[in-house]
Every structure is written in structure tokens, then in C-alpha cells.
Novice: 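One structure is given below, represented as C-alpha cells, and several questions about it will come after.
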Amino acid sequence: MTLLSTYFLPTEREPPADAEAISHKLMVRAGLVRQVGSGLWSWLPAGWRVHQRIVEIVREEMNAIGGQEMLMPVLHPAEPWRRSGRYSIEELFKLKDRRGADMVLAMTHEEIVTGHVATAIQSYRDLPLILYHFQVKERDEARPRAGVLRTREFVMKDSYSFDRDRAGLDASYERHRAAYDRMFDRCGLEWYRVEADVGMMGGVGAHEYMAPCAAGENDVVLAAGYAANIEVASADPQPVALPAGLPAPESVHTPGMRTVEAVTRELGVPAGALLKAFPIIVEGGEMKLVMVRGDHRVNEIKLGNALGEGFRAALPDDVAERLGPPGFIGPVGAQMPILLDQGVAPGAYITGANQSDSHLRGVEPGRDFEYEAVDVRSVLEGDTVAGATVRIEAAIEVGNIFKLGTRYSEALDASYLDESGVSHPIWMGSYGFGPARVAAAAVEQYADEKGISWPRTIAPFDVELVTLGKPGTEERALSDRLNEELQAAGLEMLYDERDIGPGEKFAEAELLGCPLRVTVGRRTLGAGEIEVQVRRGREGRSVPIDGASEAIAELWRGLP
RNA sequence: CGGGGAGUGGCGCAGUCUGGUAGCGCACCCGGCUGGGGGCCGGGCGGUCGCAGGUUCAAAUCCUGUCUCCCCGACCA
């Protein structure tokens with residue numbers, strides 16, 4: 001039981017001047033977190049209670065799938081990071097110790113855990129294995145933002161699975177998937193599990209857990225039976241009415257019309273009747289021309305995955321020299337490979353002519369230029385997947401599960417001997433969960449004009465008891481007794497027994513957002529009933545004084 | 001990394017253009033009233049105006065440098 005009069009809960013009437021995100025404003029106002037520097041936050045007692053309740057849910061679910069909790073350091077020697085090839089990551093904090101040795105601050109723990117497994121595990125008999133810990137992660141983010149949603153230092157639960165083969169990894173991954181589904185359900189979040197990019201580090205499959213909210217930095221593409229990060233999403237475009245074909249491409253004078261918008265306006269055609277050219281330079285230095293429909297956009301992550309190598313956008317000088325005047329480039333006659341997005345239906349299009357102030361109309365892919373079909377465009381709202389219309393929602397990534405494969409085990413020599421004495425690399429998976437983001441996402445998803453409305457399972461306290469009686473009064477005696485009884489009934493109590501006005505108490509209680517607020521005052525005695533407010537929806541209830549604590553506990557158990 | 005903005009008491013702000021020795025609301029402390037939605041009255045405490053240098057009789061204000069923070073974008077293994 002916690003007495004509010006002595007609790008360190010510094011609330012504010014006004015949000016920080018520079019805060020934008022709801023969770024940023026409310027978590028600071030409610031006294032849950034305080035900023036130390038850019039992307040660096042302290043968790044104050046009430047905020048840390050939320051964090052710890054989330055951690056405990058995660059711990060229970062990890063243990064339930066056989067995870068073994070451990071702890072690895074944040075400060076590492078640089079050497080394993082050099083071996084894995086991640087030392088060059090810009091976001092990795094690098095420093096030297098007093099002897100001048102290179103050190104890093106861990107952004108995750110693949111290198112270290114794999115190193116332990118490499119030395120400790122020799123036999124197939126020791127597999128499978130799931131190890132995990134809750135530990136601080138350090139990332140030199142280019143731009144921390146939105147309170148605790150994107151920080152440079154944060155606690156993460158990261159787990160690592162070790163299996164003898166692909167099938168074993170699939171099984172460990174599936175266990176995590178089920179555990180993660182339960183974790184987010186238990187935390188009371190709205191969430192999606194979406195297909196995700198495996199990133200530059202390879203890997204053989206990944207999903208992200210996304211909590212939809214306004215402050216989300218990611219876009220997720222959703223349709224019946226389909227959910228993917230927009231970085232990898234694939235869908236069928238809405239059809240576009242194309243003009244009739246021509247026997248051959250025909251030049252059109254288009255003075256100064258360097259943009260799709262200018263061409264569509266001047267020629268009176270829909271943007272989808274154009275093909276837009278996106279020239280790139282791949283790692284070997286070769287220029288390639290990526291073409292998408294005029295109303296579509298190239299998705300650089302999908303393009304990178306399709307290419308299987310790095311690339312950069314071609315500079316205007318490159319384009320002018322090797323193709324044509326920027327703003328008027330097109331595929332016809334281009335002396336370079338052409339990648340045509342698969343969203344381009346057969347038909348006649350308008351493209352740049354590779355000459356100043358002119359376009360071509362009646363250009364037909366295949367007839368007028370050779371191409372390789374690729375899927376590189378960003379999905380748009382209204383596209384369809386298997387006939388179902390997609391919508392796009394902003395969301396915050398709260399967890400991810402990732403099939404690493406053997407990338408780290410090979411780099412760090414983590415192998416085992418099978419039954420016939422043959423050595424194989426261990427198949428690994430890694431699985432992240434961010435409690436701070438879960439807390440912030442819950443704030444984002446359920447806040448109203450009065451403040452936070454926590455899901456029951458992760459609230460800092462189960463019940464905030466507001467007494468309006470001064471010490472020595474009958475109503476105060478009643479509230480003191482009720483507080484004891486509710487505590488005894490198993491509820492975590494925050495007892496507001498401060499000598500301040502009722503309005504302030506109610507306002508602060510709703511700001512902090514415990515699922516139930518119980519009020520005891522003079523009126524309570526007269527009515528013979530105790531007033532209970534359900535924070536979600538701010539709905540008022542009342543329960544008889546007799547048996548009140550059990551009735552309130554029962555009410556609490558039925559909350560979301 | 002590119003663009004934009006901001007540093008004045010615990011919080012939110014005014015004052016800066018046009019230089020003259022710092023102010024408002026809230027919070028806090030004391031006293032009183034009030035007591036079911038951030039209540040009222042009276043009296044107080046608290047700030048080397050981010051930092052450093054310069055100009056000037058005089059700098060929160062002008063100049064130079066520097067640090068920090070926020071927002072948009074890029075990036076995000």
C-alpha cells in the first residue's frame with residue numbers, strides 16, 4: 001500500500017512545451033518519467049511500477065516456453081563485434097577503456113550470447129536452448145523522439161534460441177510467436193503481428209509486433225488475412241484507365257514539365273497513365289532504371305531486397321550523362337537494365353523521352369523496351385490483397401521475432417556435433433520486446449482528455465482510493481478501513497490521503513489512470529454506498545458499504 | 001546528416017526588434033477561509049536570463065563563438 005502524501009509522484013498541470021506525442025505529454029505530466037537528456041529518461045516510482053509489471057508478464061511467458069533467464073553486460077570488448085561485422089554500425093556507441101582498448105556499448109546481445117554458447121555447447125544433446133535477459137540497450141540514435149517511444153537507452157527483453165537445424169529454429173520461433181501473442185494480449189494492447197523486413201543482416205524470416213497509435217513511426221498494411229510492415233508489403237494496385245494504344249511511341253512536346261503532376265495536368269491524363277523513372281547506381285557502379293506507375297512510389301527497402309545488393313539514387317549529373325535530361329528520362333532506348341514494377345499492367349503509357357521538353361506516348365512495356373519484372377512499389381490505401389481492400393495504419397513497433405539462421409553462429413564459431421560426429425553451425429533466432437514502448441503504446445491507445453487509462457494488468461496501482469475526510473472524521477475512518485480491506489483482498493492500493501481539495505485529487509487520479517478510483521467522503525456515509533469510478537470510460541458505479549472490498553475486487557477483475 | 005525552432009525561478013510564458021539593472025500565471029512556504037471536480041483571501045521564499053568572450057557608462061536585449069533541447073525529413077542490423 002502506498003500513501004500518496006509521501007509518494008514521489010511529481011505531477012504537472014502543463015505538458016512539456018516541446019512535447020508532441022500524447023504518451024510523451026501524459027507520462028511526464030503524470031509523474032511517471034523525467035527526461036535526463038535527448039533520448040535519455042529516468043523512470044520515477046510509479047512509471048517504474050508499470051515497467052516492472054510488463055517485465056513480469058514477459059518473464060512469465062518466457063519461462064513458460066522454457067526460456068532461461070540470465071544477465072549479460074552492457075559494456076563489451078569490441079572484438080566480437082568486429083568478428084560479427086557489426087562494429088561499423090553507426091548507431092553503435094564506441095569508447096575506449098583506460099588502457100586504450102576499444103569497447104562498445106551493447107545495442108543487442110547476439111555476439112555475447114553466441115560466444116557463450118560457442119564455448120559451452122558442443123553436442124546436439126545440448127540443443128535446443130532458449131536464453132534471455134532483461135538488459136539495457138544503448139543506441140546512438142540519429143534522432144530520439146516522442147518521449148520514451150524512441151530513446152538512446154532502454155531496457156529490452158532479448159531472447160536467443162539455439163537449434164540444430166532449420167526445423168528446430170522454426171519450432172523455437174513458433175514458441176516465441178505464441179508467447180509473444182500472449183504477452184501483448186496480457187498487457188492489454190491492441191496489436192498486430194506483421195511480416196517484416198529481415199534487414200541488411202540477412203536472416204530467413206521475421207515478424208514485428210505493432211501497436212497501432214498516432215505517434216507510431218511505422219506504417220502497417222492490413223487487410224483481411226494480411227498484415228505486413230509497409231517496408232515489405234505487397235498488394236495489387238487499383239486499376240487505372242489507360243489511353244488507347246498506338247502502333248509505335250509518339251513524341252509529345254512537354255516544355256518544362258519535369259514532374260508527374262505537371263504532365264498529368266497539362267496532358268489531361270491520370271497520373272497512373274504515366275511511368276515514372278527512378279535511376280539508381282548499384283554497388284558495382286552500374287546504372288539501372290527502375291520504373292513504377294506515375295501514381296506509385298518506389299519503396300527503397302523493397303527495391304534493396306529485390307536487387308539483393310546496396311544501391312543509391314543516381315545524381316542528376318549521372319543521369320544527364322548516362323541517360324537524358326532529369327525530368328524527361330524514360331526507358332525507351334535506355335542503354336541499361338530496366339526494372340519494371342509488377343504493378344504496371346500491360347498497356348500504353350506516357351514516359352520521358354530522354355530529350356529535353358519531350359515525352360513519349362503509347363509506350364508499351366515489352367514491345368518498346370525490355371525489362372525485368374520486380375515488386376518494388378509502396379502499397380497504397382485502397383490496394384487489394386486477394387481481393388480484400390487494404391488499409392494503412394500508423395503503429396509503434398513493440399516487439400520483433402527474427403530467424404537469424406547461422407549468420408552469427410558461423411561468424412562466432414558456434415557449432416555442435418551431430419550423432420555421427422559431424423560439425424554443424426547452430427541455427428539461431430533472436431526475439432526482442434520493449435517494455436517501455438509497451439507502456440507508451442498503452443498510454444497512446446487508451447488516453448482520453450483527462451489523462452491515462454491503463455489496462456488493468458500494467459497499471460501502476462490497481463485502485464486509487466481518494467478520501468475526502470480529514471483525519472479524525474468518521475469518513476476518514478471508513479476510508480482507512482476500506483484501504484486495509486482492499487489491500488487484504490489482493491489489490492495494489494494507492495491511497496490519496498493528502499489534505500488538498502477534492503477537485504485536485506480527482507484530476508490527478510484520472511491523470512495517473514489507475515483502472516479504478518474509489519471515493520470516500522461525507523456523502524458516502526449518507527448514501528451508505530461507496531462510489532467507484534471505472535477509469536476507462538469514466539463510468540461511475542456504486543457498491544454497498546457492506547462487503548465493499550470484495551465487490552470492488554470483483555469489479556476490478558472484470559476490467560480490461 | 002539536411003531543414004526549422006527554442007534555452008529567462010520547479011512548470012508554462014512575457015520582456016529581446018527599439019540596451020537603462022527582471023515580470024506574469026501555476027507550483028512552493030506561512031496564516032486564515034473552504035471542503036465532491038485543479039477553490040478563495042492575505043503575506044512570503046525563489047532567477048549570475050544555457051555557457052564563454054566582445055561592444056558599451058550600462059547587456060536578458062547588440063556582436064562572435066560554443067553547448068543543450070525540440071519538431072519535420074533522411075537514417076534506424
Novice: Give, ordered by number, those residues of residues 495-504 of chain A having at least one heavy-atom distance below 4.0 Å to an atom of RNA chain B; if nothing qualifies, reply none.
Specialist: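 Hits under 4.0 Å, by residue number: D499(A), I500(A), P502(A), G503(A), E504(A).
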
Novice: Kindly point out which of G37(B), G38(B), G36(B) is positioned nearest to the side chain of R517(A)?
Specialist: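 So the nucleotide nearest the side chain must be G37(B).
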
Novice: Starting from P on C75(B), measure out to CE on M107(A) and report it in whole angstrom.
Specialist: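 Computing the M107(A):CE to C75(B):P distance gives 16 Å.
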
Novice: Rounding to the closest angstrom, what is the interatomic distance between C26(B) and A14(B) at atom C1'?
Specialist: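 Approximately 15 Å lies between the C1' atom of C26(B) and that of A14(B).
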
Novice: What N/O pairs connect the protein and nucleotides 67-72 of chain B at under 3.5 Å? Give each pair on its own line.
Specialist:
unit_1: C69(B); atom_1: OP1; unit_2: S38(A); atom_2: N; d: 2.9
unit_1: C69(B); atom_1: O3'; unit_2: Q35(A); atom_2: NE2; d: 3.4
unit_1: C70(B); atom_1: OP1; unit_2: Q35(A); atom_2: NE2; d: 2.8
unit_1: C70(B); atom_1: OP2; unit_2: S38(A); atom_2: OG; d: 2.7
unit_1: C70(B); atom_1: O2'; unit_2: D18(A); atom_2: O; d: 3.0
unit_1: C71(B); atom_1: OP1; unit_2: A146(A); atom_2: N; d: 3.4
unit_1: C72(B); atom_1: OP2; unit_2: R143(A); atom_2: NH1; d: 3.3
unit_1: C72(B); atom_1: OP2; unit_2: R143(A); atom_2: NH2; d: 2.5

Novice: Where the side chain of R29(A) is defined as all heavy atoms beyond and including C-beta, which of G38(B), G35(B), G36(B) is the nearest nucleotide?
Specialist: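 Shortest atom-to-atom distance from the side chain points to G38(B).
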
Novice: Between E217(A) and R145(A), is the closest basic N to carboxylate O distance under 4.0 Å?
Specialist: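 Counted as a salt bridge, because a side-chain N and a carboxylate O are separated by less than 4.0 Å.
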
Novice: Sticking with atom P, work out how far U18(B) lies from C63(B), rounded to a whole angstrom.
Specialist: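 Those two atoms are separated by 10 Å.
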
Novice: Round to a whole Å and report the spacing from CD1 of I89(A) to P of A77(B).
Specialist: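 Those two atoms, CD1 and P, are 8 Å apart.
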
Novice: Counting side-chain heavy atoms from C-beta on, which of G38(B), A77(B), C75(B) comes nearest to A507(A)?
Specialist: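 Of G38(B), A77(B), C75(B), G38(B) is nearest to the side chain of A507(A).
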
Novice: Say you pick atom C1' in G2(B) and the same atom in G38(B); how far apart are they, in whole Å?
Specialist: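 So the two C1' atoms sit 43 Å from each other.
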
Novice: In whole angstrom, give me the gap between the C1' atoms of A60(B) and G43(B).
Specialist: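 The same atom, C1', in both gives a distance of 29 Å.
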
Novice: Between C51(B) and A6(B), how many Å separate the two C1' atoms, rounded to a whole number?
Specialist: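 16 Å, rounded to whole Å.
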
Novice: Any salt bridge between D140(A) and K94(A), counting N to O under 4.0 Å?
Specialist: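 Salt bridge: no.
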
Novice: So what's C33(B) paired with, Watson-Crick or G-U wobble, going by both distances under 3.5 Å?
Specialist: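 Pairing partner: G39(B).
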
Novice: With the side chain of E300(A) defined as its heavy atoms from C-beta on, choose the nearest nucleotide among G37(B), G36(B), C75(B).
Specialist: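 Of G37(B), G36(B), C75(B), C75(B) is nearest to the side chain of E300(A).
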
Novice: Using a distance-only criterion (donor-acceptor N/O pair, under 3.5 Å, no hydrogens), is the base of G10(B) paired with the side chain of R13(A)?
Specialist: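 Under the 3.5 Å cut-off, the side chain and the base do not form any donor-acceptor pair.
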
Novice: Considering all heavy atoms of both residues, which atom of A548(A) and which atom of L482(A) are nearest to each other, and what is their separation?
Specialist: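 So the two residues come closest at CB-CD1, 4.0 Å.
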
Novice: Using atom CG of N299(A) as one end and atom P of A74(B) as the other, report the distance to the nearest whole Å.
Specialist: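 Computing the N299(A):CG to A74(B):P distance gives 12 Å.
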
Novice: Can you label the angle between the F433(A) ring and the Y180(A) ring as parallel, tilted or perpendicular, going by 30° and 60°?
Specialist: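 Perpendicular.
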
Novice: Let me know the distance between CD of E12(A) and C1' of C26(B), rounded to the nearest Å.
Specialist: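 Rounding to the nearest Å, CD of E12(A) and C1' of C26(B) are 10 Å apart.
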
Novice: With RNA chain B as reference, determine whether E14(A) or R523(A) sits nearer its 5' end, using the nearest nucleotide of each.
Specialist: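 Between the two, 5'-proximity favours E14(A).
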
Novice: List the atom of A30(A), the atom of L9(A), and the distance in Å for their closest heavy-atom pair.
Specialist: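 Taking every non-hydrogen atom into account, O-CD1, 3.4 Å.
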
Novice: Relative to the ring of H76(A), is the ring of W81(A) parallel (under 30°), tilted (30 to 60°) or perpendicular (over 60°)?
Specialist: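 Rings of W81(A) and H76(A): tilted, as their planes differ by 30° to 60°.
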
Novice: Charged N to carboxylate O under 4.0 angstrom, E510(A) versus R517(A)?
Specialist: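 Yes.
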
Novice: Does the structure show a Watson-Crick or G-U wobble partner for C75(B), both distances under 3.5 Å? Name it, or say none.
Specialist: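 Base-paired to nothing in any strand shown.
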
Novice: Please pick, from A77(B), G35(B), A74(B), the nucleotide with the shortest atom-to-atom distance to any side-chain atom of A142(A).
Specialist: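 Among A77(B), G35(B), A74(B), the one nearest the side chain of A142(A) is A74(B).
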
Novice: Measure from CD on E475(A) to P on G36(B) and round the result to the nearest Å.
Specialist: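 Distance, rounded to whole Å: 11 Å.
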
Novice: What is the distance, to the nearest angstrom, from the CZ atom on R34(A) to the P atom on G10(B)?
Specialist: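 One finds 12 Å between P of G10(B) and CZ of R34(A), rounded.
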
Novice: Reckon T524(A) touches a base, only the sugar-phosphate, or nothing at all at heavy-atom distances under 4.0 Å?
Specialist: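 Touches a base.
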
Novice: C1' atom, U61(B) versus G19(B): distance in rounded Å?
Specialist: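 Nearest-Å result for U61(B) against G19(B) at atom C1': 6 Å.
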
Novice: Given the rule in the ring pair (Phe, Tyr, Trp, His ring centres under 6.0 Å) test, do F311(A) and F278(A) qualify, once you have shown the distances and angles that lead to the verdict?
Specialist: CA-CA 12 Å; F311(A) 71 94; F278(A) 184 65; 7.1 Å; no

Novice: Return the nucleotide paired to A6(B): Watson-Crick means purine N1 to pyrimidine N3 with N6-O4 or O6-N4, wobble means G-U with N1-O2 and O6-N3, both under 3.5 Å.
Specialist: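 Its partner is U68(B) (Watson-Crick or G-U wobble, both distances under 3.5 Å).
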
Novice: Would you kindly give the CZ-to-P distance between F311(A) and A74(B), to the nearest whole Å?
Specialist: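 Atom-to-atom, F311(A) to A74(B), this comes out as 14 Å.
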
Novice: Find the distance E508(A):CD to A27(B):P and express it as a whole number of Å.
Specialist: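 Rounded to whole Å, this separation is 11 Å.
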
Novice: My understanding is that a pair needs two contacts under 3.5 Å, Watson-Crick or G-U wobble. By that rule, which nucleotide pairs with C45(B)?
Specialist: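 Its partner: none found.
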
Novice: For nucleotides G47(B) and A22(B), find the distance between their C1' atoms and express it as a whole number of Å.
Specialist: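 Looking at atom C1' only, G47(B) and A22(B) are 9 Å apart.
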
Novice: Looking at K470(A) and D499(A), does any basic side-chain N land under 4.0 Å from a carboxylate oxygen?
Specialist: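 Yes, K470(A) and D499(A) are salt-bridged.
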
Novice: Which base sits across from C13(B) as a Watson-Crick or G-U pair, both distances under 3.5 Å?
Specialist: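 G23(B) - that is the nucleotide pairing with C13(B), both distances being under 3.5 Å.
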
Novice: Look at the side chain of K505(A) against the base of G36(B) and say whether a donor-acceptor pair falls under 3.5 Å; ignore hydrogens and angles.
Specialist: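 Not at all, since no donor on one side and acceptor on the other fall under 3.5 Å apart.
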
Novice: Scan P10(A) against the nucleic acid and name what it touches under 4.0 Å (heavy atoms): base, sugar-phosphate only, or nothing.
Specialist: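 Nothing: the residue P10(A), judged by heavy atoms under 4.0 Å, touches no strand.
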
Novice: Which part of the nucleic acid, if any, lies within contact of T108(A), taking any heavy atom under 4.0 Å across all strands shown: a base, the sugar-phosphate backbone alone, or nothing?
Specialist: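 The answer is nothing, as T108(A) stays clear of every strand by at least 4.0 Å.
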
Novice: Under a 4.0 Å N-O cut-off, is there an ion pair linking E91(A) with R139(A)?
Specialist: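 Salt bridge absent between E91(A) and R139(A).
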
Novice: P atom, G9(B) versus G50(B): distance in rounded Å?
Specialist: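 It comes out at 8 Å once rounded to the nearest Å.
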
Novice: So that I can tick it off, tell me whether R86(A) and E110(A) are bridged by a salt bridge, with the cut-off set at under 4.0 angstrom between side-chain N and carboxylate O.
Specialist: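 R86(A) and E110(A): salt-bridged.
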
Novice: Taking R177(A) first and then E174(A), would you say they form a salt bridge - that is, a charged N and a carboxylate O separated by under 4.0 Å?
Specialist: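 Answer for the salt bridge query: yes.
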
